[in-house]
Structures are given as structure tokens and as C-alpha cells.
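What follows is a short report on a single structure.
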Amino acid sequence: NAAEVEQKLKQLFMEIPGTPQCGNSAKFALRMTRGPTNACINFHCDGGYATGTVQIALNDQMEYSGGRLCFFINDQLLMLDRPAGSACQHPPGVLHAVTALMEGTRKSLFVVDQQNGLGESG
């Protein structure tokens with residue numbers, strides 16, 4: 001049921017150290033990017049708008065080229081595999097990026113703080 005799924009997703013958000021421990025603090029945002037984009041999301045740490053981020057892959061990475069979620073942790077570059085339905089959680093201080101989407105469509109569902117601007121502009 002939809003209410004159970006919503007609760008489970010918000011629980012994933014609240015598992016991140018430093019996130020508010022009430023279900024009202026999180027919201028959902030969908031992101032769909034169609035390639036080619038000729039752009040990436042440069043390496044960054046999330047700002048004061050975020051206490052944590054959960055990203056759920058809505059489609060398999062075999063459906064697009066590029067668009068790889070990367071983290072730089074302990075002096076190592078990590079590129080995550082994102083099978084459909086997989087979830088990634090991270091606190092705001094983790095350095096991360098997304099490579100340019102070369103072709104196909106990448107779809108993600110995010111669970112973020114209410115004050116996060118993700119999903120506000122269409």
C-alpha cells in the first residue's frame with residue numbers, strides 16, 4: 001500500500017545521521033533527465049538546505065549511457081551501480097557528482113529535506 005511505501009522511504013531518510021527524526025521533515029522529488037545533456041553535476045557537498053539525501057533508481061542503468069552517480073570517499077572515486085529499485089543514502093558532507101548523460105533517460109526518486117529546492121521548479 002502507498003502509505004507503507006511512503007513510510008519506508010521516509011525511514012531510509014531518517015536513518016542518515018543528522019536528519020530530523022520526524023516523518024514531516026522529508027519530501028519526495030522526481031528527477032527525469034534525457035540525454036544527451038552535454039553537462040554533468042560537478043563534485044559538491046550538499047549545502048545548508050540538506051541534512052541528508054536518499055536517491056532511488058527508478059530505471060536500470062542499462063537504459064541510458066552516462067549519468068553515473070560518483071562519490072569521492074577516503075581518497076577513492078566510487079561509481080555506483082544503480083539497478084532499478086536500488087537506494088543510495090548520504091549525509092550532506094559527502095563529496096559526490098553525476099557524470100554527463102550521453103543517451104537515454106535516467107529516472108530517480110529523491111527523499112530530501114522539506115526546505116531542499118529539488119523538485120520546486122518543474
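Computed from a predicted model, the values in this text were never measured in an experiment.
I73 and M79 are not part of a single hydrophobic cluster, where members link through side-chain heavy atoms under 4.5 Å apart. Taking hydrophobic clusters as Ile, Leu, Val, Met, Phe, Trp and Tyr residues chained together by side-chain heavy-atom distances below 4.5 Å, F110 does not share a cluster with I56. Under a hydrophobic-cluster definition in which Ile, Leu, Val, Met, Phe, Trp and Tyr are linked whenever side-chain heavy atoms come within less than 4.5 Å, directly or via other members, L58 and M62 are assigned to different clusters. Taking hydrophobic clusters as Ile, Leu, Val, Met, Phe, Trp and Tyr residues chained together by side-chain heavy-atom distances below 4.5 Å, I41 does not share a cluster with L95. Residues I16 and L80 are members of separate hydrophobic clusters, defined by side-chain heavy-atom contacts under 4.5 angstrom among Ile, Leu, Val, Met, Phe, Trp and Tyr.
In this structure, K107 and R34 have side chains that are not in contact, with every pair of non-hydrogen atoms separated by 4.5 Å or more.
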For M32 and T105, run side-chain contact (heavy atoms from CB on, under 4.5 Å): C-alpha distance rounded to whole Å, both residues' side-chain angles, the deciding distance at 0.1 Å, then the answer. CA-CA 7 Å; M32 183 172 71; T105 302; 3.4 Å; yes
Quick one: do V112 and F28 satisfy side-chain contact (heavy atoms from CB on, under 4.5 Å)? Show the steps, please. CA-CA 6 Å; V112 295; F28 299 101; over 6 Å; no
Please assess K10 against E6 for the test salt bridge (Lys or Arg N to Asp or Glu O under 4.0 Å), listing each intermediate value before the final yes or no. CA-CA 6 Å; K10 288 183 176 181; E6 178 182 10; 3.1 Å; yes
Worked verdict on Q7 versus V5 for side-chain contact (heavy atoms from CB on, under 4.5 Å): CA-CA 5 Å; Q7 185 58 36; V5 172; over 6 Å; no
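Heavy atoms from other residues, nucleotides or ligands lying under 6.0 Å from CG of N1 number more than 12. Surrounding CD of Q114 are more than 12 heavy atoms belonging to other residues, nucleotides or ligands, all under 6.0 Å away.
Of all heavy-atom pairs spanning S86 and D81, the tightest one is OG-O, 4.4 Å. The two atoms that bring G52 and P92 nearest to each other are N-CD, 4.0 Å, heavy atoms only. Between N42 and C40, the closest heavy-atom pair is OD1-SG, 3.2 Å. Considering all non-hydrogen atoms of both residues, P83 and D60 come closest at CA-OD1, 3.5 Å. The two residues R82 and S108 come nearest to each other via the heavy atoms NH2-OG, 2.8 Å. In terms of heavy-atom proximity, Y49 sits nearest to N116 at CD1-ND2, 3.4 Å.
The six-membered or imidazole ring of F71 lies near that of H90, with a centre-to-centre distance under 6.0 Å.
The backbone N or O of H96 sits less than 3.5 Å from a side-chain atom of H44, completing a donor-acceptor pair. Put simply, the side chain of D46 never gets that close to the backbone of T53: no donor and acceptor are under 3.5 Å apart. No donor-acceptor pair closer than 3.5 Å links the side chain of Q55 to the backbone N or O of L109. Side chain of N74 to main chain of Q76: no donor-acceptor pair is present (N/O by atom type, distance under 3.5 Å, no hydrogens or angles). For the pair E103 (side chain) and L101 (backbone), a donor-acceptor distance under 3.5 Å is absent.
No option in V94, T19, V54 other than V54 meets the side-chain contact (heavy atoms from CB on, under 4.5 Å) test with Q89.
Side-chain contact of Q61 with R106: a donor-acceptor pair under 3.5 Å is absent, judged by distance alone.
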